[in-house]
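Take a look at the structure set out below.
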Amino acid sequence: MRALPFAAVLLAGCATTSAPVAVEAPMVAATAETDPVDTAADAADDPAIWRNASDPAKSLVIGTDKKAGIHVYSLTGKRLSFTPAARLNNVDLRDLGGRVIAAASDRADVNTAHVSLFTLDTAAAKLVPLGRFSVGPGEAYGMCLWTRARDHALFGFVVLKDGRIDQVAIDLLGASPKVTTVRSMKLATQSEGCVVDDRTGQLYVAEEDVGLWRFDADPSAPVTGTPIAKVDGKTLVADAEGLALAPSGRTGGYLVVSSQGDNAYTLYRLPGVTYAGRFRIGGGGIDGTSDTDGIDLMLGDFGPAYPGGLLVAQDGDNAPATQNFKYVGWDAVRRALKLR
């Protein structure tokens, strides 16, 4: 692995007489927020978005409360249902031709990582548990899914707290799901956020204090990663947390990262992963976000409020209420950063 050289470069770059200053970021107003989670302190963590193609305004957002379970919200932020589950952290979903599967990293056993699987009943706006499945030793932390284009096989990536990344194959054909660990990769230090580009089969992972990495998502590919962006204290401020994609065409679009250390969000232009700007959420009638963990982004029509796409970000400080999730129109981000 090239984790140590990359970290060494980062540390060498930090050996300056003054601390780096983060690049300024325009404010983008949130247009809605979810009902707060029921548990206090650090509880809300990671969202995922399901777009209702036939009735976009009835799309759904799911979000974890890592102390209690997982919620389903409407596009107005109203909580529609809650499914109890111990210590779910990150969540992702895929629409498999009408059957929507959600997968969450399960931290209930800190010695053995698990994945919890659910079916999203889109009519009832409720998550139906399919079971917990062991992945390997260690504490599960991050979670993202990938649907392989050539055969529609479903895979998950479980990012463990120590930087190991376990890839699992998820077989849904039988009476009950089968989850099989098919390979492991390793980053040197604590990592969490991840996302996979279904178009290109590229996995992106955030090593919190170091930067972003890219891997080939296919289980037959090499297990070494490529460093693509570093935590520099200017464009990306530790911790690097949630990751999301705004795809365009066959390989273009943007990779969006939660720059948690300065309450901002950083964009990189694909496929070259070049810096494209940053923004913060705030300045509107709804309070802004800070200390964001997970984010999700989906382009497309979500109805009159979000005609160009929806970004959802966890808010680490929703005082005086408990934590929640904020909604932002992707069109507003594009205007603020003058994106093509």
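Bear in mind that the values here come from a model prediction, so they are computed numbers and not experimental data. Below, all heavy atoms of this structure are taken into account, side chains as well, without hydrogens, waters or symmetry copies.
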Closest heavy-atom contact between I286 and A30? CD1-O, 3.9 Å

Residue pair V237 / K234: nearest heavy atoms and the distance that separates them: CG2-N, 4.3 Å

Ignoring hydrogens and angles, state whether a donor on the side chain of S59 or N52 is under 3.5 Å from an acceptor on the partner side chain. no

To the nearest 0.5 Å, what is the distance between CZ on R51 and CG on D95? 10.0 Å

Quick check: closest heavy atoms across A48 and D92, and the distance to 0.1 Å? CB-CA, 4.1 Å

Checking Y265 now: which residues fulfil ring pair (Phe, Tyr, Trp, His ring centres under 6.0 Å) with it, not counting sequence neighbours? F279

Residues in ring pair (Phe, Tyr, Trp, His ring centres under 6.0 Å) with W330, at least two apart? none

Salt bridge or not for D287 and K326, using N-O below 4.0 Å? yes

Is any side-chain heavy atom of R164 closer than 4.5 Å to a side-chain heavy atom of P137? yes

In terms of heavy-atom contacts, P47 and V61 come closest through CB-CG1, 4.4 Å

Do T322 and N324 pair up side chain to side chain, a donor and an acceptor below 3.5 Å, judged on atom types alone? no

State whether a side-chain donor-acceptor pair under 3.5 Å links D239 with Q190. no

Name all residues meeting the side-chain hydrogen bond (donor to acceptor under 3.5 Å, both in side chains) criterion together with T76; count only those two or more places apart in sequence or in a different chain, and write none if there are none. S74

Between the main-chain N or O of A319 and the side-chain N or O of D317, is there a donor-acceptor pair closer than 3.5 Å? yes

If you group Ile, Leu, Val, Met, Phe, Trp and Tyr by side-chain heavy-atom gaps below 4.5 Å, do V333 and L255 land in one group? no

State which residues pass ring pair (Phe, Tyr, Trp, His ring centres under 6.0 Å) with Y268; sequence neighbours excluded, sorted by chain then number. none

Check for a donor-acceptor pair, side chain of R94 on one end and backbone N or O of L145 on the other, with a separation under 3.5 Å. yes

Ionic contact status for D262 with R280, cut-off 4.0 Å: yes

Does any non-hydrogen side-chain atom of F215 lie less than 4.5 Å from one of I165? yes

Is the side chain of R214 donor-acceptor paired with the backbone N or O of I228 at a distance under 3.5 Å, no angle test? no

Short N-O contact, R199 and D197, less than 4.0 angstrom: yes

Between the OH atom in Y306 and the CG atom in D331, the distance rounded to the nearest 0.5 Å is 11.5 Å

Tell me, do Q260 and D293 make a side-chain contact under 4.5 Å, heavy atoms counted? yes

Under the criterion side chain to side chain contact (heavy atoms under 4.5 Å, CB included), I'd like the reasoning laid out for L212 against L243: C-alpha separation, chi angles, the key distance, then a yes or no. CA-CA 10 Å; L212 308 182; L243 300 179; 4.0 Å; yes

Are the side chain of T292 and the backbone N or O of A313 linked by a donor-acceptor pair below 3.5 Å? no

Among all residues two or more places apart in sequence or in another chain, which pass the side-chain hydrogen bond (donor to acceptor under 3.5 Å, both in side chains) test with Q167? R183

Ring pair (Phe, Tyr, Trp, His ring centres under 6.0 Å) filter on F82, not counting sequence neighbours, yields H71

Can V128 be reached from I101 by stepping across I, L, V, M, F, W or Y side chains whose heavy atoms are under 4.5 Å apart? no

Which residues pass the side-chain hydrogen bond (donor to acceptor under 3.5 Å, both in side chains) test with D121, sequence neighbours left out? none

Is a side-chain donor or acceptor of D232 paired with a backbone partner of T235 at a separation under 3.5 angstrom? yes

Student check: side-chain heavy atoms of V23 and Y275 closer than 4.5 Å: yes

May I ask you to decide if A43's main-chain N or O and Q323's side chain share a donor-acceptor pair within less than 3.5 Å? yes

Heavy atoms only: give me the nearest A68-T39 pair and the separation to one decimal. CB-CG2, 4.0 Å

Applying a strict under-4.5 Å side-chain criterion to I, L, V, M, F, W and Y, I'd like to know whether V196 and V158 cluster together. no

Nearest-0.5 Å distance that lies between atom SG in C194 and atom CG in N90: 7.0 Å

Polar side-chain atom of S290 near backbone of N263 as donor-acceptor pair, under 3.5 Å: no

Those residues at least two apart in sequence (or on a different chain) that pass side-chain contact (heavy atoms from CB on, under 4.5 Å) with P271 are T251

Mind checking salt bridge (Lys or Arg N to Asp or Glu O under 4.0 Å) for D38 and listing every partner two or more places apart, or none if nothing turns up? R79

Has R87 got a side-chain atom pairing as donor or acceptor with V110's backbone, closer than 3.5 angstrom? no

Check whether any side-chain heavy atom of Y141 lies under 4.5 Å from a side-chain heavy atom of L160, and answer yes or no. no

Which residues pass the salt bridge (Lys or Arg N to Asp or Glu O under 4.0 Å) test with D106, not counting sequence neighbours? R132

Working to the nearest 0.5 angstrom, can you tell me the gap between Q314 CD and I295 CD1? 11.0 Å

How does the hydrophobic cluster around V91 look, that is, which other residues are in it when side-chain heavy atoms under 4.5 Å mark a link? W50, L60, I62, I70, V72, L80, L88, L93, V100, F118, L120, L127

Which pair of non-hydrogen atoms, one from S105 and one from G142, has the smallest distance, and what is that distance? CB-O, 3.6 Å

Ignoring hydrogens and angles, tell me if any N or O in the side chain of D198 forms a donor-acceptor pair with the backbone of T147 under 3.5 Å. yes

Intermediate values then yes/no, side chain to side chain contact (heavy atoms under 4.5 Å, CB included), D296 and F325: CA-CA 10 Å; D296 196 18; F325 301 90; over 6 Å; no

In terms of hydrophobic clustering (I, L, V, M, F, W, Y; side-chain heavy atoms under 4.5 Å; direct or indirect links), are Y254 and L270 co-clustered? no

Quick test of your reading of the model: are D218 and R150 salt-bridged, counting only N-O distances below 4.0 Å? yes

I'd like to know if the side chain of D65 reaches the main chain of G69, judged simply by a donor and an acceptor atom lying under 3.5 Å from each other, with no hydrogens or angles considered. no

Would you say L267 ends up clustered with V273 if hydrophobic residues are merged whenever their side chains have heavy atoms under 4.5 Å apart, either directly or through other cluster members? no

Between NZ of K67 and CG of D42, what distance do you get to the nearest 0.5 Å? 6.5 Å

Once side-chain hydrogen bond (donor to acceptor under 3.5 Å, both in side chains) is applied, do any residues pair with D151, and if so which ones, sequence neighbours excluded? R148

Does any part of the side chain of M143, heavy atoms only, come nearer than 4.5 Å to the side chain of T64, both counted from C-beta? no

So I49 and F302, side chain to side chain contact (heavy atoms under 4.5 Å, CB included) or not? Walk me through it. CA-CA 11 Å; I49 302 167; F302 281 82; 3.6 Å; yes

Just how far is it from atom CZ of R99 to atom CG of L172, taken to the nearest 0.5 Å? 5.0 Å

Would E192 and D46 count as a side chain to side chain contact (heavy atoms under 4.5 Å, CB included) if you check the C-alpha gap in whole Å, the side-chain angles of each, and the deciding distance to 0.1 Å? CA-CA 11 Å; E192 181 178 6; D46 191 47; over 6 Å; no

